[in-house]
Amino acid sequence: MANNNTDQNKLTALDEQAVQYIAVGAAVLGTGGGGDPHIGKLMALETIRKYGPVRLVRPEELEDDSLVVPLSMIGAPTVMNEKIPSIEQMTQPLDLIEKELGRKVSAVMPIEVGGGNSLVPVIAAAERGIPILDADAMGRAFPESQMVTFYLDGIDCSPITMADERGNGVLMHAIDGVWEERMARALTIQMGGSASICDYPVSGAQVKKSAVPHTLTLAYEIGKTLFESKEQKQNPIEALLKQLHGYALFNGKAVDIRRRTEGGFTRGEAVFEGTDAEKGRTMRLYFQNEFLLATEDGRSLAVTPDLISLLDQDTGMPITTENLKYGARVTAVGFPCDPRWRTPKGLETVGPKYFGYDIPYVPIEELAAGKGGNL
């Protein structure tokens with residue numbers, strides 16, 4: 001399956017192979033969350049086979065007055081594994097938002113480049129025959145609605161539309177992203193723990209100013225690196241760390257996993273014991289849909305908003321929070337976040353204190369160099 005590329009070797013359409021690569025790359029960037037990439041991949045593949053490849057547009061190609069709408073799933077990833085959404089559930093929020101705004105959507109986009117939510121917009125784009133934007137509003141995955149670059153820039157989150165698998169649809173107006181999160185999360189629980197949602201409808205001009213650009217292409221390139229490294233019998237984790245300027249944090253196996261669905265999130269922590277050369281080390285990993293904090297012996301190894309991912313030691317393939325199992329042999333890796341999350345407002349929104357961890361944020365580059373990070 002050849003990819004649709006220009007002479008500049010840019011990805012211009014999402015076909016079956018592109019979806020395979022993006023599913024893997026988005027799971028790495030999703031830091032354990034964003035929904036099961038396997039479910040999102042299967043749904044995207046089915047719609048592409050039915051309707052054909054989806055055109056990929058870059059922010060710089062948009063007209064300033066274009067209407068771009070993020071489409072995603074909200075809720076606990078563990079629930080989505082049990083309750084797979086239909087195409088109708090993906091398109092109903094778009095219908096509602098078009099009716100409310102009185103105009104057609106020019107393009108859809110992922111709200112986060114994480115797990116299944118990277119591919120959810122592909123389903124609606126294929127069915128509608130509209131493009132998907134090569135950008136997102138996080139540069140990773142985060143668990144709450146206000147944790148987007150649009151919120152940092154003061155962009156209105158409304159109108160907000162939601163749908164469940166029964167055909168229920170909801171239209172809301174919220175005063176800001178924090179109130180959207182409160183109301184949408186409560187509705188999600190009533191909708192069975194998982195729902196589709198459109199929020200932060202934006203113009204092309206707003207996308208160019210506030211979105212994190214070219215992240216679907218980045219996810220594609222990550223997936224391609226992992227697949228090709230395996231085929232060429234190279235070390236996939238080393239190749240990935242080089243590509244993303246990342247850091248290897250820990251090698252070991254999962255010896256304790258405590259996971260619960262609470263308040264519309266998958267929350268918990270996991271403990272890992274070092275193996276081989278790292279025998280005697282112990283890492284704790286805390287998560288709320290996404291991996292948020294990795295610690296060892298009273299010091300931080302990596303802290304939100306920097307990215308923490310778990311990779312299978314043999315294949316380099318990412319492991320999500322809901323698919324982490326006892327005995328899994330993993331390499332924990334970390335990557336720097338988009339610089340906007342390191343601003344005062346960014347850290348107030350997604351830093352460790354917001355999630356209840358009474359520790360300072362220290363950039364992963366400094367932690368890797370042994371500077372700071374004591375709890």
Side-chain angles (χ1 to χ4, degrees), residues 19 33-52 54 67-112 114-132 143-145 157-174 177 179-201 261-266 289 322:
V19 166
D36 190 327
H38 182 65
I39 301 294
K41 178 182 74 174
L42 291 179
M43 294 177 64
L45 288 174
E46 180 183 349
T47 49
I48 284 175
R49 287 166 188 154
K50 183 175 181 179
Y51 298 106
V54 171
L67 174 60
V68 182
V69 176
L71 172 65
S72 60
M73 295 296 294
I74 180 172
T78 46
V79 175
M80 188 173 166
N81 285 357
E82 302 287 335
K83 196 173 69 164
I84 299 173
S86 64
I87 291 178
E88 291 75 21
Q89 187 181 344
M90 296 294 100
T91 56
Q92 187 178 0
L94 284 179
D95 292 336
L96 292 170
I97 215 160
E98 286 182 341
K99 184 177 180 181
E100 175 69 5
L101 294 176
R103 57 182 299 203
K104 291 292 185 182
V105 173
S106 306
V108 291
M109 66 176 285
I111 196 72
E112 59 187 355
N117 263 343
S118 294
L119 295 170
V120 161
V122 174
I123 300 158
E127 195 272 343
R128 289 295 181 85
I130 59 176
I132 185 171
E144 297 184 12
S145 303
C157 61
S158 300
I160 304 142
T161 57
M162 297 176 64
D164 67 10
E165 78 283 359
R166 300 176 185 86
N168 292 312
V170 175
L171 167 67
M172 296 190 299
H173 285 262
W179 273 101
E180 178 207 344
E181 167 62 27
R182 291 177 181 176
M183 295 189 294
R185 193 67 53 177
L187 277 167
T188 301
I189 293 169
Q190 293 303 313
M191 288 176 160
S194 180
S196 56
I197 184 169
C198 288
D199 56 358
Y200 287 96
T261 301
E262 179 182 274
F265 299 102
T266 300
N289 288 9
E322 67 270 22

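Numbers here simply count residues along the sequence, with the first being 1. In this text the structure is predicted, and so the values were computed from the model without any measurement. Computed over heavy atoms, backbone and side chain alike; hydrogens, waters and symmetry mates excluded.
- Side-chain atoms of Pro121 and Pro70, non-hydrogen and from C-beta on, never get closer than 4.5 Å to each other.
- Here the CG-CE distance, from Leu119 to Met73, works out to 13.0 Å after rounding to the nearest 0.5 Å.
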Candidate pair Glu46 and Met43, rule side chain to side chain contact (heavy atoms under 4.5 Å, CB included), full reasoning: CA-CA 5 Å; Glu46 180 183 349; Met43 294 177 64; 5.6 Å; no

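- When all heavy atoms of Gly177 and Cys157 are compared, the closest pair comes out as N-SG, 4.0 Å.
- Formation of a donor-acceptor pair under 3.5 Å by the Glu98 side chain with backbone atoms of Val105 is found in this model.
- Note: Glu127 CD to Met90 CE = 12.0 Å, rounded to the nearest 0.5 Å.
- Here the side chains of Ile132 and Pro110 are in contact, with some heavy-atom distance below 4.5 Å.
- For the pair Ala44 and Val122, the tightest heavy-atom approach, listed with the atom from each and the gap, is CB-CG1, 4.0 Å.
- Atoms NE2 and CE, on His173 and Met183 in that order, are 10.0 Å from each other to the nearest 0.5 Å.
- To the nearest 0.5 Å, the span separating CD1 on Ile97 from CD1 on Ile197 amounts to 9.5 Å.
- Rounding to the nearest 0.5 angstrom, the gap separating the CG atom in Leu187 from the CE atom in Met162 is 5.0 Å.
- Under the 3.5 Å distance criterion, the side-chain polar atoms of Asp164 are left unmatched by any main-chain donor or acceptor of Ala195.
- Nearest heavy-atom pair, Trp179 versus Ala174, reported as atom, atom and distance to 0.1 Å: C-CB, 4.2 Å.
- Minimum interatomic distance between Val108 and Ala125 (heavy atoms only, all atoms of both residues): CG2-CB, 3.7 Å.
- From Ile130, atom CD1 reaches atom NZ of Lys104 across 9.5 Å, with rounding to the nearest 0.5 Å.
- Closest non-hydrogen pair, Leu71 versus Ala124, comes out as CD2-CB, 3.5 Å.
- Side-chain atoms of Glu180 never come within 3.5 Å of backbone atoms of Ser158 as a donor-acceptor pair (strictly under, hydrogens ignored).
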Residues Arg128, Leu94; criterion side chain to side chain contact (heavy atoms under 4.5 Å, CB included); working and verdict: CA-CA 10 Å; Arg128 289 295 181 85; Leu94 284 179; 4.0 Å; yes

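- At distances below 3.5 Å, at least one donor-acceptor pair connects side-chain atoms of Ser196 with backbone N or O atoms of Ala163.
- Across Pro159 and Pro201, no two heavy atoms sit closer than the pair O-CD, 3.6 Å.
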